[in-house]
Amino acid sequence: MRIGHGYDVHRLVPGRKLILGGVEIPCEMGLDGHSDADVLTHAIMDALLGAAALGDIGRHFPDHDDQYLGIDSQVLLRKVCSMLDAHHFRIGNLDATVIAQRPKLSPYMEQMREKLSQTMGISVDRINLKATTEERLGFTGRGEGISAHCVCLLEEI
């Protein structure tokens, strides 16, 4: 068994959609980034790649490569899962936390779990998602950005 940890952060800006876990969340601001800036999916990918000792998303999908400009992070997550398959790993489970002062994410958690489950080809009961605020402290607490952490367990097959 192998354990991985992933972390990502993106700045909130006007004029972008807010995508988390592959789900569009109604919000007046979205996350800035080269891709769709899905901070949750990015943290998940980094945790999976880390557990498999395959580097990180910047190595595989660099932000200076125009083929990834505006790309749906679910497409990248599918590629990461293919890499895991090629290296004989199976996802045991993952546990992720999104840190955002706003918007309220609890109404979207099940939809995000379902979307991620479909993308990764694993049972939804292997995915746990949580959301929290930072009580108005730091950049997330001031509403300047959103961050996410993820831990995962991979099993060698």
Chemist: Would you indicate whether I3, at its atom CD1, is surrounded by more than 12 heavy atoms from other residues, nucleotides or ligands within a distance under 6.0 Å?
Modeler: no
Chemist: Does any non-hydrogen side-chain atom of L12 lie less than 4.5 Å from one of I146?
Modeler: yes
Chemist: One pair to check against side-chain contact (heavy atoms from CB on, under 4.5 Å): Q101 and T140. What are the steps and the verdict?
Modeler: CA-CA 6 Å; Q101 192 63 39; T140 57; 5.9 Å; no
Chemist: Is it true that V80 and I122 fall in one hydrophobic cluster, defined by side-chain heavy atoms closer than 4.5 Å?
Modeler: yes
Chemist: Counting C-beta onward and ignoring hydrogens, is there a side-chain heavy-atom pair between T97 and T132 closer than 4.5 Å?
Modeler: yes
Chemist: How long is the span from the CG atom in D36 to the OH atom in Y68, to the nearest 0.5 Å?
Modeler: 14.0 Å
Chemist: Same cluster for F89 and I157 if Ile/Leu/Val/Met/Phe/Trp/Tyr side chains link at under 4.5 Å?
Modeler: no
Chemist: Please enumerate all residues that pass side-chain hydrogen bond (donor to acceptor under 3.5 Å, both in side chains) together with Q74, with sequence neighbours excluded.
Modeler: T41, T119
Chemist: How many angstroms lie between atom CD1 of I44 and atom CD1 of I57, to the nearest 0.5 angstrom?
Modeler: 11.0 Å
Chemist: Suppose we screen for side-chain hydrogen bond (donor to acceptor under 3.5 Å, both in side chains). Which residues come up paired with D125, at least two apart in sequence or across chains?
Modeler: S123
Chemist: Assess the residue pair E110 and R113 against the criterion (side-chain contact (heavy atoms from CB on, under 4.5 Å)); give the C-alpha distance rounded to whole Å, side-chain angles, the decisive distance to 0.1 Å, and a yes or no.
Modeler: CA-CA 5 Å; E110 288 308 309; R113 289 178 70 216; 2.9 Å; yes
Chemist: Which value, rounded to the nearest 0.5 Å, describes the distance between H87 atom NE2 and E156 atom CD?
Modeler: 11.5 Å
Chemist: So, taking the atom named CG in L105 and the one named OG1 in T133, what distance separates them when rounded to the nearest 0.5 Å?
Modeler: 10.5 Å
Chemist: Determine whether V9 and F139 satisfy the following criterion, side-chain contact (heavy atoms from CB on, under 4.5 Å), listing intermediate values before the conclusion.
Modeler: CA-CA 10 Å; V9 60; F139 72 91; 3.2 Å; yes
Chemist: Could you grab the distance from atom CE of M120 to atom CG of L84, nearest 0.5 Å is fine?
Modeler: 10.0 Å
Chemist: Which label fits Y7 and H149: parallel for a plane angle under 30°, tilted from 30 to 60°, or perpendicular past 60°?
Modeler: tilted
Chemist: Consider only side-chain heavy atoms of I, L, V, M, F, W and Y, link residues closer than 4.5 Å, and tell whether M112 and V124 are in one cluster.
Modeler: no
Chemist: Rounded to the nearest 0.5 Å, what separation is found between the SG atom of C27 and the CZ atom of R102?
Modeler: 6.0 Å
Chemist: Would you indicate whether the side-chain heavy atoms of I91 and L154 approach each other to under 4.5 Å?
Modeler: yes
Chemist: With L94, which of I127, V151, L153 fulfils side chain to side chain contact (heavy atoms under 4.5 Å, CB included)?
Modeler: I127
Chemist: Surrounding NZ of K130 (heavy atoms of other residues, nucleotides or ligands, distance under 6.0 Å), is the total greater than 12?
Modeler: yes
Chemist: Which atom pair, heavy atoms only, marks the closest approach of A51 to C152?
Modeler: CB-SG, 3.9 Å
Chemist: I want to check something: taking the side chain as every heavy atom from C-beta on, are M45 and M83 in contact at a cut-off of under 4.5 Å?
Modeler: no
Chemist: Locate the shortest heavy-atom distance separating A53 from R2; write the atom from each residue and the value.
Modeler: CB-NH1, 3.9 Å
Chemist: Evaluate the criterion side-chain contact (heavy atoms from CB on, under 4.5 Å) for residue pair H34 and D66; output intermediate values, then yes/no.
Modeler: CA-CA 9 Å; H34 188 72; D66 285 346; 4.2 Å; yes
Chemist: I'd like to know if L49 and L40 are part of one continuous hydrophobic network [Ile/Leu/Val/Met/Phe/Trp/Tyr, side-chain heavy atoms within less than 4.5 Å].
Modeler: yes
Chemist: Using a 3.5 Å cut-off and no angle test, enumerate the donor-acceptor pairs between side-chain atoms of residues 15-23 and protein atoms at least two apart in sequence or in another chain.
Modeler:
from : atom 1 : to  : atom 2 : distance (Å)
R16  : NE     : L31 : O      : 2.9
R16  : NH1    : G33 : O      : 3.2
R16  : NH2    : L31 : O      : 3.3
R16  : NH2    : S35 : O      : 2.8

Chemist: Would you say I99 and L116 are hydrophobically clustered, going by side-chain heavy atoms of ILVMFWY under 4.5 Å?
Modeler: no
Chemist: Quick check: closest heavy atoms across A37 and H10, and the distance to 0.1 Å?
Modeler: O-CD2, 3.7 Å
Chemist: With no hydrogens and no angle check, do the side chains of D8 and H42 hold a donor and an acceptor under 3.5 Å apart?
Modeler: yes
